[in-house]
Amino acid sequence: MESIYRLLKAVLIEFFKTNYSECIPSDFIFQSTNKEHQGHITLMVFPLAKLVKKSPDDLANAIGIYLMSSDLILGQQVIKGFLNLRLSPKAFQLLIQDNSDLKIESKDLKKIVLEYCGPNTNKPIHIGHLRNMFLGYAVAAILKEVGHDVHKVNIFNDRGIAICKSMVGYMEYGNQTTPESEGIKGDFFVGKFYVLFSTECSRQAQPFIAQGMKKEEAEAQTAIFQKANDLLIKWENGDIEAIALWNLMNGWFYDGVRKTYARLGIDSEKDYYESQEYKKGKDIVEIGYQSGVFQKDETGAIYIDLTDKGLDKKFLQRSNGTSLYITQDMALVKQRFDDYRMDKMIYVVGDEQNYHFKVLKYIMEAMQEPFSKDIYHLSYGLVLGKDGSKFKSREGTPADADMILDAVVEEAKSQTLESGKAEQFLEKELKEIAESVGLGALKFALLKVTATKNIVFDPKEAVDLNGDTGSFIQYTYVRTKSLLSRWEGKLNAQMATELAAEEEDLILHLSSFKSCLLRCAEALDPAELALYTLNLAKIYNRFYAQVSVLKEENIEKRNFRVFLTNLTNQVLSKSLTILGVPLPEKM
RNA sequence: GACUUGGUAGCUCAGCUGGAUAGAGCAACUGCCUUCUAAGCAGUAGGUCACAGGUUCGAAUCCUGUCCAGGUCACCA
């Protein structure tokens with residue numbers, strides 16, 4: 001698209017130079033022409049008319065006539081100050097030339113580290129993690145595609161009171177069982193004891209609640225909670241037994257969660273562990289305190305005063321000297337910049353932590369760390385249930401990532417069976433198709449919504465294979481693939497002299513792929529790419545239904561349509577790969 | 001209360017820096033498989049863009065105010 005605009009702009013500047021030499025516009029606004037009107041692109045004449053103080057219609061007419069001298073323009077029509085332009089075959093040929101190569105050359109390339117996933121090791125990952133992973137994966141892929149040097153890292157929140165709860169649960173109810181002995185996936189096995197702990201804890205809390213205590217307060221009074229707390233202190237003090245159990249249970253967890261990562265196609269080049277970093281935070285706190293950036297209150301707790309930034313006092317270390325969530329993040333961010341020396345650190349973390357990252361940035365600024373300006377929180381909205389409430393795992397709703405994935409894959413399988421096509425597939429193929437269609441549907445459903453917005457997620461709808469779904473795109477991809485597999489000739493970008501409207505639409509849309517990617521990279525949001533891809537599939541399907549490709553008798557036309565099919569296939573394949581949506585062989 | 005994000009068709013969402021009669025999909029209804037995969041295509045119906053002002057040739061989009069919803073404001077993570 002760009003080269004067309006560039007060429008047209010040159011002609012327009014020419015026009016203004018000859019007619020209105022005093023006021024040359026710095027920019028021209030084009031948009032695609034409305035369906036009701038003839039034309040492909042439209043020039044906005046209003047701002048120009050204002051500049052030269054002429055009526056929009058008169059100016060539009062004058063420009064329209066002038067543009068006819070360009071061999072890019074075949075026709076022009078002025079309607080209420082809109083100058084609608086029909087592009088010539090040469091213009092379309094140019095668009096094809098510009099876009100048959102999908103490589104993007106951009107400047108200002110950066111080294112970027114992106115943190116995503118971030119599971120807690122005490123229970124299986126849930127739907128919120130899915131959004132996090134899909135989003136992080138796609139953003140990283142987009143940045144890479146545009147040319148940046150991207151490094152994905154993962155953080156395991158592997159220490160703290162939560163895992164201690166699972167550990168106490170196991171000590172109480174485990175009876176020496178293992179995931180192997182029970183036939184349960186490791187992360188679920190660990191999570192089972194977290195639930196057992198929670199159940200017992202709320203049971204023990206009942207009497208306190210009856211006395212009028214708040215739930216959280218009451219639970220803190222229970223004997224079982226006390227055990228977890230003691231265990232945490234033991235762990236922090238390096239107690240051998242506590243650490244052995246911790247290693248054992250985290251091992252089970254990693255074993256389970258890595259299976260889920262593999263199934264989801266999620267990867268990272270480096271894993272960070274909170275347990276290995278958190279202590280360094282205390283040193284930073286100490287340095288900050290010594291240099292007067294942080295203060296100590298009467299109980300001995302250390303805080304930073306951010307009231308002049310419109311924020312509150314933020315505590316960085318408890319009065320008993322133990323570290324807090326923010327303490328370890330202070331250490332971790334520094335560690336990352338030491339490890340990678342990158343230009344930008346992107347945290348993919350939910351928007352409930354907006355405040356946290358704002359504070360983290362201010363603290364690093366206050367400590368005069370030069371990297372403070374390069375910290376970026378890529379924040380995304382919640383995944384809500386159908387009634388608008390948060391997904392929860394305890395009430396029997398299938399919020400666990402594995403459960404949701406299983407459900408979606410199962411649904412994809414039954415849809416395939418229903419379609420009547422299953423007979424032509426082997427059992428193994430059917431399984432593969434269900435897996436990639438199910439996973440694709442799930443990823444697309446979570447990626448098509450603007451990242452900052454909350455998503456209302458209905459598993460049934462995501463699984464639905466009709467309409468605005470990943471499967472629709474996958475289907476279109478398979479269609480192009482199947483068609484191309486029947487083609488034995490060469491690919492030829494030489495355009496036929498006459499184009500059908502469906503071909504023009506396809507070319508126009510294909511030609512905006514690169515600019516779409518660049519906008520996504522700028523916005524750090526794959527949603528536009530998801531919708532672009534969906535639209536490409538729609539436009540191709542229309543093309544497919546309206547014109548013949550392999551059965552076209554005119555050789556020129558046939559060759560060119562195969563070429564368009566191939567380009568569509570490539571763009572679909574590239575987009576889906578970036579989004580992390582699997583490419584099925586058959587459907 | 002403060003800060004922050006949002007409110008567009010019955011439902012889920014687009015609508016990029018202001019541009020033409022506000023667009024998709026789902027759900028409802030109609031057609032189209034002897035033709036390159038019908039998980040498809042074509043069509044009908046569905047709207048006071050939360051509300052009220054303002055800015056201007058022009059506002060879903062920008063500004064102000066109001067209402068509603070989510071999130072955050074811990075010596076939790």
Side-chain angles (χ1 to χ4, degrees), chain A residues 27 29 31 33-37 42 44-47 49-50 55-56 79-82 84 118 120 157 160-162 216 274 297 299-303 310-312 314-320 322-326 328-329 350-356 358-359 379 381-382 384 386 388-390 412 415-416 418-419 421 424 437 445 448-450 452-458 461-462 464-469 471-476 478-484 486-487 515-516 519 522-523 527-528 531 534-535 537-538 541-542 544-552 561-562 565 586-587:
Chain A
D27 202 13
I29 303 169
Q31 63 180 41
T33 305
N34 261 27
K35 277 178 200 154
E36 296 80 30
H37 300 105
T42 296
M44 297 278 106
V45 184
F46 297 95
K50 204 169 186 174
S55 94
I79 296 173
K80 289 191 283 181
F82 293 87
N84 300 324
N120 298 326
N157 301 115
I161 192 71
E216 280 171 31
E274 190 188 313
D297 76 1
T299 66
I302 297 179
Y303 66 91
L311 303 173
D312 273 329
K314 180 74 184 176
F315 283 89
L316 308 176
Q317 184 172 301
R318 292 193 186 91
S319 48
N320 66 10
T322 55
S323 60
L324 291 153
Y325 178 50
I326 188 103
Q328 72 210 19
D329 252 339
D351 64 8
E352 68 269 21
Q353 295 199 31
N354 285 352
Y355 183 80
H356 173 79
K358 214 166 162 181
V359 169
S379 135
L382 298 170
L384 302 171
K386 201 155 191 210
S389 65
K390 208 169 178 172
Q415 294 257 3
T416 309
E418 223 172 273
S419 74
K421 288 185 197 168
Q424 48 182 304
V437 169
K448 71 175 178 182
V449 178
T450 309
T452 51
K453 280 195 171 185
N454 289 348
I455 292 181
V456 175
F457 181 76
D458 179 0
E461 239 173 72
D464 194 337
L465 303 183
N466 301 313
D468 270 357
T469 60
S471 355
F472 174 85
I473 305 171
Q474 288 172 320
Y475 179 75
T476 311
V478 171
R479 234 183 187 178
T480 59
K481 197 178 160 72
S482 155
L483 196 152
L484 290 167
R486 291 160 185 269
W487 174 252
S515 54
C516 172
R519 278 195 302 277
E522 183 70 25
E528 192 188 338
L531 294 167
L534 184 69
N535 275 324
K538 275 186 200 170
N541 277 328
R542 198 175 304 144
Y544 183 88
Q546 299 300 323
V547 306
S548 303
V549 181
L550 295 179
K551 300 199 168 175
E552 169 60 47
R561 286 173 189 172
V562 172
T565 299
K586 298 178 184 175
M587 264 176 93

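Since we're looking at a predicted model, the values are computed, not measured. Below, chains carry the letters A, B, ... as their sequence lines are ordered, and counting in each starts from 1.
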query: CG of A:L311 versus P of B:C73: gap in Å, rounded?
result: 12 Å

task: Nearest-nucleotide wise, let me know which of A:N84 and A:K448 is further upstream toward the 5' end of RNA chain B.
output: A:K448

message: Using a heavy-atom cut-off of 4.0 Å across all strands, would you classify A:T416 as base, sugar-phosphate, or nothing?
response: base

message: Closer than 3.5 angstrom, by distance alone: can the side chain of A:S482 be matched with the main-chain N or O of A:V478 as a donor-acceptor pair?
response: no

field: OP1 or OP2 of B:G7 under 4.0 Å from side-chain N/O of A:K453
entry: yes

- prompt: Nearest of B:G19, B:C13, B:U37 to any side-chain atom of A:V449?
  reply: B:C13

message: What contact category does A:V547 fall into here, base, sugar-phosphate, or nothing, at under 4.0 angstrom with non-hydrogen atoms?
response: base

- request: Check whether any side-chain nitrogen or oxygen of A:K80 sits under 4.0 Å from OP1 or OP2 of B:U21, and answer yes or no.
  value: yes

query: Taking the P atom of each, how far is B:A69 from B:C62, in whole Å?
result: 23 Å

- request: Specify the separation, in whole Å, of atom CD of A:E352 and atom C1' of B:A74.
  value: 16 Å

query: If only side-chain N and O atoms of A:T452 are considered, is one of them under 4.0 Å from the OP1 or OP2 phosphate oxygen of B:U5?
result: no

field: B:U72 - base-pair partner by Watson-Crick or wobble geometry, distances under 3.5 Å
entry: B:A2

message: Categorize A:D297 for me: base, sugar-phosphate, or nothing, with a 4.0 angstrom heavy-atom threshold over every strand shown.
response: base

- prompt: Once you round it to whole Å, what is the distance between C1' of B:A74 and CD1 of A:I161?
  reply: 16 Å

- prompt: OP1, OP2 of B:C75 versus side-chain N and O of A:K314: anything below 4.0 Å?
  reply: no

- line: On RNA chain B, more 5' by nearest nucleotide between A:S419 and A:T33 is A:T33

Counterpart base for B:C62, defined by Watson-Crick or G-U wobble contacts under 3.5 Å: B:G54

- request: Report yes if a side-chain nitrogen or oxygen of A:R542 is closer than 4.0 Å to either non-bridging phosphate oxygen (OP1 or OP2) of B:G40; otherwise report no.
  value: no

- prompt: Quick one: is A:R318 getting a side-chain N or O under 4.0 Å of the B:C76 phosphate, OP1 or OP2?
  reply: yes

Nearest-0.5 Å distance, CG of residue A:L550 to CZ of residue A:R486: 7.5 Å

task: Could you tell me whether A:E528 contacts a base, only the sugar-phosphate backbone, or nothing, with contacts defined as non-hydrogen atoms closer than 4.0 Å?
output: nothing

- prompt: With a 4.0 Å cut-off on heavy atoms, is A:Q317 in touch with a base, just the backbone sugar-phosphate, or nothing at all?
  reply: nothing

message: Tell me whether the side-chain N or O atoms of A:T450 pair up with the base of B:C13 as donor and acceptor below 3.5 Å, since no angle test is needed here.
response: no

message: Are A:Q474 and A:V437 packed together at the side-chain level, in the sense that at least one heavy-atom pair is separated by less than 4.5 angstrom?
response: yes

message: I need the CD1-C1' distance between A:I29 and B:A20, as an integer number of Å.
response: 15 Å

message: Any side-chain N or O of A:Y355 below 4.0 angstrom from OP1/OP2 of B:U72?
response: no

- line: Out of B:A77, B:C57, B:C41, minimum distance to the side chain of A:F46 belongs to B:C57

field: Residue matched to B:C33 through Watson-Crick or wobble contacts both under 3.5 angstrom
entry: none

field: Closest non-hydrogen atom pair between A:R318 and A:S323, with its separation
entry: NH1-O, 3.2 Å

- request: Taking atom CD of A:E216 as the centre, report whether more than 12 heavy atoms of other residues, nucleotides or ligands fall under 6.0 Å from it.
  value: no

message: Between P on B:U35 and CZ on A:R479, what's the gap in Å once rounded to a whole number?
response: 13 Å

- prompt: So, do A:F315 and B:A74 meet the stacking rule of ring centres under 5.5 Å and planes under 30°?
  reply: no

message: Take a 6.0 Å sphere around CD of A:E36 and say whether it holds more than 12 heavy atoms from other residues, nucleotides or ligands.
response: yes

- prompt: Can you name the nearest heavy-atom pair linking A:I326 to A:F315, along with the distance?
  reply: CG2-O, 3.7 Å

query: Do A:N454 side-chain atoms and A:G381 backbone N/O form a donor-acceptor pair below 3.5 Å?
result: no

- prompt: Whole Å only: how far is the CD atom of A:Q474 from the C1' atom of B:U37?
  reply: 15 Å

message: Using whole Å, what does the distance between atom C1' of nucleotide B:U17 and atom CD of A:E522 come to?
response: 12 Å

- prompt: Which nucleotide, B:C75, B:A38, B:C57, lies nearest any side-chain atom of A:K50?
  reply: B:C57

Of the listed nucleotides B:A77, B:G40, B:C57, the one nearest the side chain of A:N541: B:G40

- prompt: How is A:T476 classified with respect to the nucleic acid when contacts are heavy atoms under 4.0 Å: base, sugar-phosphate, or nothing?
  reply: nothing

message: Base, sugar-phosphate or nothing for A:H37? Non-hydrogen atoms, less than 4.0 Å.
response: base

- prompt: So, is A:R519 close to the B:U17 phosphate, meaning a side-chain N or O under 4.0 Å from OP1 or OP2?
  reply: no

query: If you check every side-chain atom of A:L483, which of B:U72, B:C36, B:C75 has the closest atom?
result: B:C36

message: By a 5.5 angstrom centroid cut-off and a 30 degree plane limit, is there stacking between A:F472 and B:A39?
response: no

field: Protein-nucleotide distance (A:Q328, atom CD; B:C75, atom P), rounded to Å
entry: 16 Å

- prompt: Across all strands, who's sitting opposite B:U21 as a Watson-Crick or G-U wobble pair, both distances under 3.5 Å?
  reply: none

- prompt: Closest to the A:D312 side chain: B:A74, B:A77, B:G70?
  reply: B:A74

field: Sidechain-backbone polar pair: A:R561 side chain, A:S548 backbone, donor-acceptor under 3.5 Å
entry: yes

message: Regarding B:C75, can its base be found pairing with the side chain of A:S319 as donor and acceptor, where the two atoms are less than 3.5 Å apart?
response: yes

- prompt: Base, sugar-phosphate, or nothing for A:L316, non-hydrogen atoms under 4.0 angstrom?
  reply: nothing

field: Anti or syn - B:C33, cut at 90° from 0
entry: syn

query: For A:T565 and B:C36, is the shortest distance between a side-chain N/O and OP1 or OP2 below 4.0 Å?
result: no

